[in-house]
Every structure is written in C-alpha cells, then in structure tokens.
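One structure is given here, and the rest of the page talks about it.
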Amino acid sequence: MKKKISNSAKETERLGYELGLLLKYEPKVVILLDGDLGSGKTTFTKGLALGLGIETIVNSPTFTIMKKYQSKDRLRTLYHLDLYRLDGEGSDFDLEEYIDGIGMVVVEWPYRVESLLPKDHLLVQICKTGDDSREIIMSCVGYPCKRAVEMI
Ligand SMILES: Nc1ncnc2c1ncn2[C@@H]1O[C@H](COP(=O)(O)OP(=O)(O)O)[C@@H](O)[C@H]1O
Ligand SMILES: [Mg+2]
C-alpha cells in the first residue's frame, strides 16, 4: 500500500504518468479507480495514458461506458471504462466482453458491478481533502503491480 498527496491536477496526472511508465510492459493490468465525482479519476487516467505512450487525449467516457485508446506503435492499449451510469442490480455487464487482447484496463466507479470485476487488481482510491488537494492510496489486491506500487 502506498499513500501519496497531490496538491494539483497536474500532480495527480503526473502520478498517473509515473504509474503508467512502471506498468507499461505488464501484459494485463486492471486498475480500479475509486473516488467521488470530481476527485480526479479521469485526471489520473490521462496521466496513465501518457505513461503508456498514448498521445490521444483521454477524456471521460461517461456516456459510452468504454473508450479504447492505442499508442502510436499500437503496442499498448488502454481500455477506459466509466460505470457511473450502470445499475449494479441486474446488470449483465461483463468486463471480458469489452476487452479484447492485452492491455491496461482502467475502471472508474468500479463498485457498480463489484461481483463481475477481477479479484486481482490495483486499487487506486482518490480522496478529496481540499479544493486542490487529494490523498491517493494505491494498493495491490491479488498478484499484480506489487513492484510498481513499491517503486512509485
Ligand atoms: N489535486 C488534484 N487532483 C486531481 N484533480 C484536481 C486536483 N485539484 C483540482 N482538481 C480538479 O478536480 C477535477 C477532477 O475531475 P476529474 O478528473 O474529471 O474527476 P473524476 O473523474 O473523479 O470525476 C478537475 O477539474 C481538476 O482540475
Ligand atoms: Mg471521470
């Protein structure tokens, strides 16, 4: 578990960027982003994408559930999901249906469909502590990313 403090949107994006760099060569990583509306989940994801070498601007996929991004060399894929609009009860959402092949999966509002999410993941919790300040807690759940979380 690692706790970081961010004092600006830029700092949060930078943290995402550093994590993206550390995870760039992992074949498949699922990152669950937990935090209130406006806490900085999408900001963090923008940084992750940059770290993976994705140059397309990442913005919120709120109305589409999932957006897929690829690095210029097509070697890295980022699947950005926002489950805010999903109703957990009775939802037939299946993460696997959205994801083909290898890539990083980032899920905003993951607990809408808790039971269908992979048990092994990297959990990033963003907590708003002031207008521009955030507490960001990263923890490995299951196998992945232990090294990345230690190094960041
Ligand atoms: N330290 C910070 N980290 C992240 N965002 C911040 C921070 N300080 C201010 N902000 C602002 O908070 C908002 C976060 O929005 P966004 O990333 O879309 O949140 P979410 O995806 O969690 O709803 C942005 O307008 C951003 O500029
Ligand atoms: Mg968002």
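Hydrogens, waters and symmetry mates play no part in the numbers below; they use all other heavy atoms, side chains included. When a ligand or atom number is given, it counts from 1 through the structure's own listing order.
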Fill in: Residues in salt bridge (Lys or Arg N to Asp or Glu O under 4.0 Å) contact with Glu55, at least two apart in sequence or another chain
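Residues passing salt bridge (Lys or Arg N to Asp or Glu O under 4.0 Å) with Glu55: Lys72.
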Side chains of residues 30-42: which donor-acceptor pairs under 3.5 Å do they make with residues two or more places apart or in other chains?
from	atom 1	to	atom 2	distance (Å)
Ser39	OG	Asp36	O	2.7
Lys41	NZ	Gly35	O	2.9
Lys41	NZ	Asp36	O	2.9
Thr42	OG1	Glu108	OE1	3.2
Thr42	OG1	Glu108	OE2	2.7

Practice prompt. Show your working on salt bridge (Lys or Arg N to Asp or Glu O under 4.0 Å) between Lys146 and Glu150 and close with a plain yes or no.
Written response: CA-CA 6 Å; Lys146 280 220 163 56; Glu150 275 161 21; over 6 Å; no
Discussion item. Who clusters with Leu50? Use side-chain heavy atoms, under 4.5 angstrom, across I, L, V, M, F, W and Y, and order the result by chain and number.
Written reply: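 Tyr17, Leu21, listed by chain and number.
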Fill in: For ligand 1, the residues whose heavy atoms come within less than 4.0 Å (ordered by chain, then number)
Ser6, Asn7, Ser8, Ala9, Thr12, Asp36, Leu37, Gly38, Ser39, Gly40, Lys41, Thr42, Thr43, Glu108, Asp131, Asp132, Arg134
If only atom types and distance count, is the side chain of [X] paired as donor or acceptor with the main-chain N or O of [Y] below 3.5 Å?
X      : Y      : answer
Arg134 : Lys128 : no
Glu13  : Ala9   : no
Lys2   : Val149 : yes

Practice prompt. Could you tell me whether any N, O or S atom belonging to Glu108 is less than 2.8 Å from the Mg ion (ligand 2)?
Written response: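 Coordinating: yes.
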Discussion item. Within 2.8 Å of the Mg ion (ligand 2), is there any N, O or S atom belonging to Thr45?
Written reply: no
